[in-house]
Structure formats: C-alpha cells, structure tokens
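Contents: one structure, followed by commentary.
First listed ligand is number 1; within each ligand, the first listed atom is number 1.
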Amino acid sequence: MSKVLIIGAGGVGQVVTHKCVQRRDIFSEITLASRTKAKCDTIAAQLDGSIRTARVDADNVPELVALIKQVQPKLVINVALPYQDLHIMDACLETGVDYLDTANYEPLDTARFEYSWQWAYQDRFKEKGIMALLGSGFDPGVTNVYTALAAKKYLDVVEEIDIIDANAGSHGQPFATNFNPEINIREVTATCRHWENGQFVESAPLATKRVFDFPEGIGPMNIYRLYHEEMESIVRHIPTIKKAQFWMTFSDNYLKHLEVLQNVGMTRIDEVEFGGQKIVPIQFLKALLPDPGSLGPLTKGKTCIGVIARGTKDGKRKQVYIYNICDHEACYKEVQSQAISYTTGVPAVVGAIMMLTGKWHGQGVWNMEQFDPELFLEVLGPMGLPTVVVEGEWPEL
Ligand code: NDP
C-alpha cells in the first residue's frame, strides 16, 4: 500500500488516475497535481473526490520539492510533457523518491528525441538509492517489453524488429491529433532515423511508405517510417539487433493537412514576431486544434500496436508478431478517454505496480526492456491491454 503523486492532468493523466483508483490495493493514497488545478479537480469529480489534487508548476524544482515533501509519495508518476522530465527527476533526487515517465526528455527549442539527458542521471540516482523507470507508456513502453519477450521466450537471437503502430480509429474531425498536438507534430515532422548495422541511418520524415495487413479485421493500411525513441534503448540493451524500424499509420487526410501546415510555417518551433509580441507557431496551432481529450466521445475503431521480431531459434530462421488491440469506444466507456491515452496510461500504472511491489527493482535509471517482460505482461492483460502472440511469416518492410 503506497502513496503516489501523479503529475499532469491531460489525456494520459486522466487514465492513470482512473486506473490507480481501480487498484486501491496498491495505491492507498493518490494525489494528482498539474499546472491547472481545475483539470485535476474535474478528474477527481469523475472519481467521487476519492483523490487529492494540487497545483504545481513542474518546471519549478523548488515548487516540486515542496509538494513532494508535503505529499510524501513512494513514487512520482510523470505524465506532464517531455519538457518537464529533468525538472521532475531533479526534484525526485532531492527528496529521494522513485520516478516513472512515459516519454523521453525534449528540450523546448529543439525537437531532439534521445535518452542522453536522462541516462546522465544514472550515477546520481544510484548514489541516492532510488529508481527511475523511463518510457513506461505503450510506445515507448510495451513495445520495449514485447521485444524483451521475443528475446526471452520466442527467439534465441533477435536480429530485426519492426515496431508498427496503427490507429485504425476515426474521430470525424477535419484535422486533430490523438495526443498533445505540439508533441505529436514535433515527433512526426522530425528527421527519420532507423537502426541498420550498428548505426542510425537518416532519411526524410515520412518518406518511406509501406502497406501492412493488420490482424483482427483491421486489414491493410499505409504505414510510414519515422524515428521513435524506444529504438535507441532497445538496440543498446539487446545488441544482437541489426535492424530496427518504427512505422505508424497516417490517413491521407492527416498527411495533406500536415503538409500544408508545414509549408506555411505553422509547425515551426522557434519564436516569430506577431503583433508586437513573440509567439511560437506550433504552440499557437495547438491552441486552435481540438483538445485531444474532446475526441474521446467521438472516436470509434481500434488501435493495433505491436512488434514483429525476426531472428533465429534452434538455428532456424523464425518470426514472431506480438501485439495488442484496443477499442476506442470501450476505453471511453471505462475511463472517459480514447485508446491513445488509454494505451499510454495503463502501462504507466503497470510500471508503477512493478516498482511498488518490487517485481521490478534496482537503483539508477532503467528502460523497460531491462526487466522481466512476463511479470509486466501478467499484470497488463487484466488491467485492460491483453497481449496476442502469433508465430508466422511477414514480408520484409
Ligand atoms: P496533455 O497535453 O493532454 O497533458 C499534459 C498535462 O501536463 C496537462 O495537464 C498540462 O497542464 C500538464 N503540464 C504541462 N506543463 C506543465 C507544467 N510546467 N507543470 C505542471 N503541469 C504541466 O498530454 P498527454 O496527456 O496526451 O501526454 C502526456 C505525456 O504522455 C506526454 O509526455 C506524452 O509525450 C506522453 N505520451 C506517451 C506515449 C507513449 O506511448 N509512450 C503516447 C502518448 C503520449 P495544462 O492542462 O495546464 O496545460
């Protein structure tokens, strides 16, 4: 039975809070804190006020430290934005409290996705005797765990992975993103990188397109290659991997809007002068686009996120596809959020359960593939995200 502090009351924070409340056997006292306290109170009201709420600016370390000292949690679950990761890690170091997040740190002024900044906390977390679990969402997160499962159970040597993320759902809006628009657009417009023969190879964003036939009635969809942060930690911790690629589905409609927005400069992340003041175009765009939270009641269809791992078993070539299917409407019925927030929030809570029950433990900074995948997946299924494993053959992507 442990006290937990959740920071961030957006789409993911809502799911994390609902799911922690469902597991009172683990999370005895829950505090939800965010920049806008009213958003925490709205979530608390959905849960009959059974949690505490607070206001915090997670870019302000002394404010964070004061809140952590007051709440005295065993663990801080960071589901604010990637920009806050290092500040929250600093506050955890100062107070000696464990840390978990779902996305790697990003500097506000450069869209760089890498673990270097957070891995640099390794010695300090070890010396303090505390643990940080990085990237406990779906991708990164469950995709790392699926790769570790392939390496533990299905293949002797994992040589190639394709991580494939399909959102086969539809919200009926002309253009909207399923999670924070600023973070989403920074990610998909970044230079693509994939791992090949010991190094990352760069290509233009979304320039490589394939068709993948998704299981369970979803069928063929266009997938586009992009860089995703879990490849960096997976190839480091499972060094037999020679090739790693990440693919995501985008509709023609989404890509058409994105291209125009890029061409007119609306996705820029630097400051421009407007009406006598400085604005960042992508932040202005975020203010105009639908709030991802508002898509919950509108979104229908499924997500399918998984990993195809290829390699050898008993000296023979073998492939395994490990995935989850999640239904937007079922998620909304359960926690009043669509499947993108759900598939991120549930693994965050399962990561927290792994840490608080000591099933995954260690001092320092850890990525998901470094721990026993089966212990995690045993809890993930009953919490709402069951795993499907299929052995077979899939075309090279
Ligand atoms: P939202 O934008 O919906 O929510 C972010 C929340 O953080 C908001 O409540 C926001 O407050 C709060 N916040 C922002 N800045 C601060 C600050 N300085 N101090 C305190 N609170 C702050 O984002 P999502 O819920 O969609 O995403 C949350 C995280 O999950 C992100 O890091 C995202 O990258 C990650 N993610 C990970 C995925 C995975 O599979 N691994 C997939 C999807 C998302 P306010 O309401 O005041 O703006």
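- Using bins of under 30°, 30° to 60° and over 60° for the plane-to-plane angle, the ring pair F113/Y227 lands in the tilted bin.
- Between A9 and ligand 1, a contact under 3.5 Å exists for at least one N or O pair.
- Heavy-atom distances between S34 and ligand 1 reach below 4.0 Å in at least one pair.
- The backbone N or O of P290 sits nowhere less than 3.5 Å from a side-chain atom of S294 that would complete a donor-acceptor pair.
- Among W117, Y115, Y121, the single residue meeting the ring pair (Phe, Tyr, Trp, His ring centres under 6.0 Å) criterion with W119 is Y115.
- Here the heavy atom of the protein found nearest to atom 46 (O) of ligand 1 is K39 NZ, 2.7 Å.
- Residue contacts with ligand 1, taken as heavy atom pairs separated by less than 4.0 Å, do not involve A33 at all.
- In this structure, atom 2 (O) of ligand 1 lies nearest to the protein heavy atom N180 ND2, 2.7 Å.
- Ligand 1 lies out of reach of P292, whose nearest heavy atom is not under 4.0 Å from it.
- Partner of I77 under the side chain to side chain contact (heavy atoms under 4.5 Å, CB included) criterion, out of T102, L5, V4: V4 alone.
- Taking distance alone, with nitrogen or oxygen atoms compared against 3.5 Å, K286 stays at or beyond that limit from ligand 1.
- The protein heavy-atom contact nearest to atom 44 (C) of ligand 1 is F179 CD1, 3.7 Å.
- Side-chain atoms of Q319 come within 3.5 Å of backbone N or O of W394 as a donor-acceptor pair.
- The hydrophobic clustering, which links ILVMFWY residues whose side-chain heavy atoms are closer than 4.5 Å, places V365 and L86 together.
- Residue I183 has at least one heavy-atom neighbour below 4.0 Å for each of these atoms of ligand 1: 34 (O).
- Regarding atom 3 (O) of ligand 1, its nearest protein heavy-atom neighbour is G11 N, 3.1 Å.
- When the heavy atoms of I305, V56, D291, N60 are ranked by distance to atom 20 (C) of ligand 1, first place goes to V56.
- Classification of the F371-W360 ring pair by plane angle, with boundaries at 30° and 60°, yields parallel.
- Put simply, V320 and F214 are part of two different groups of oily side chains (I, L, V, M, F, W, Y) that touch within less than 4.5 Å, one to the next.
- A salt bridge is absent between K359 and E374: the closest approach of a Lys/Arg side-chain nitrogen to an acidic carboxylate oxygen does not fall below 4.0 angstrom.
- A side chain to side chain contact (heavy atoms under 4.5 Å, CB included) with V389 is found for exactly one of Y146, Y154, Y323, namely Y154.
- Between V12 and ligand 1, a contact under 3.5 Å exists for at least one N or O pair.
- The shortest N or O to N or O distance between G10 and ligand 1 is below 3.5 Å.
- Here R112 does not pair with E106 in a salt bridge; the nearest charged N to carboxylate O distance is not below 4.0 Å.
- Taking distance alone, with nitrogen or oxygen atoms compared against 3.5 Å, A80 approaches ligand 1 more closely than that limit.
- Look at D327 and K302 and you find no salt bridge, because none of the NZ, NE, NH1 or NH2 atoms lies under 4.0 Å from a carboxylate O.
- For atom 42 (C) of ligand 1, the closest non-hydrogen atom of the protein is T344 OG1, 3.0 Å.
- Only the side chain of A103 comes within 4.0 Å of ligand 1, judged by heavy-atom distances.
- Closest protein heavy atom to atom 47 (O) of ligand 1: T36 OG1, 2.5 Å.
- Contacts with ligand 1 closer than 4.0 Å are made by backbone heavy atoms (N, CA, C, O) of V79 only, the side chain lying farther away.
- Salt bridge status for K318 with D156: absent, with no side-chain N to carboxylate O gap under 4.0 Å.
- Taking a 4.0 Å cut-off on heavy atoms, S341 fails to register as neighbouring ligand 1.
- Short contacts between ligand 1 and D57, defined as distances under 4.0 Å to a heavy atom of the residue, involve ligand atoms 17 (C), 18 (N), 19 (N).
- Of the candidates L81, I7, N78, L81 brings a heavy atom nearest to atom 5 (C) of ligand 1.
- For atom 19 (N) of ligand 1, the closest non-hydrogen atom of the protein is A58 N, 2.7 Å.
- What sits closest to atom 30 (O) of ligand 1 on the protein, heavy atoms only, is T102 OG1, 3.1 Å.
- Taking 4.0 Å as the cut-off between side-chain N and carboxylate O, K316 and D314 do not count as a salt-bridged pair.
- The neighbour count for K3 NZ, taken as heavy atoms of other residues, nucleotides or ligands under 6.0 Å away, is above 12.
- The atoms of ligand 1 that sit less than 4.0 Å from any heavy atom of D59 are 18 (N).
- Considering backbone and side-chain atoms together, I340 places no N or O closer than 3.5 Å to any N or O of ligand 1.
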TODO: Go through the steps for D101 and Q118 under the test side-chain hydrogen bond (donor to acceptor under 3.5 Å, both in side chains), then give the verdict.
DONE: CA-CA 11 Å; D101 68 26; Q118 290 181 278; 2.8 Å; yes
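- If you look at R35 next to ligand 1, the close heavy atoms, those under 4.0 Å, come from the backbone and the side chain alike.
- Between G8 and ligand 1, no N or O atom pair is found at a separation short of 3.5 Å.
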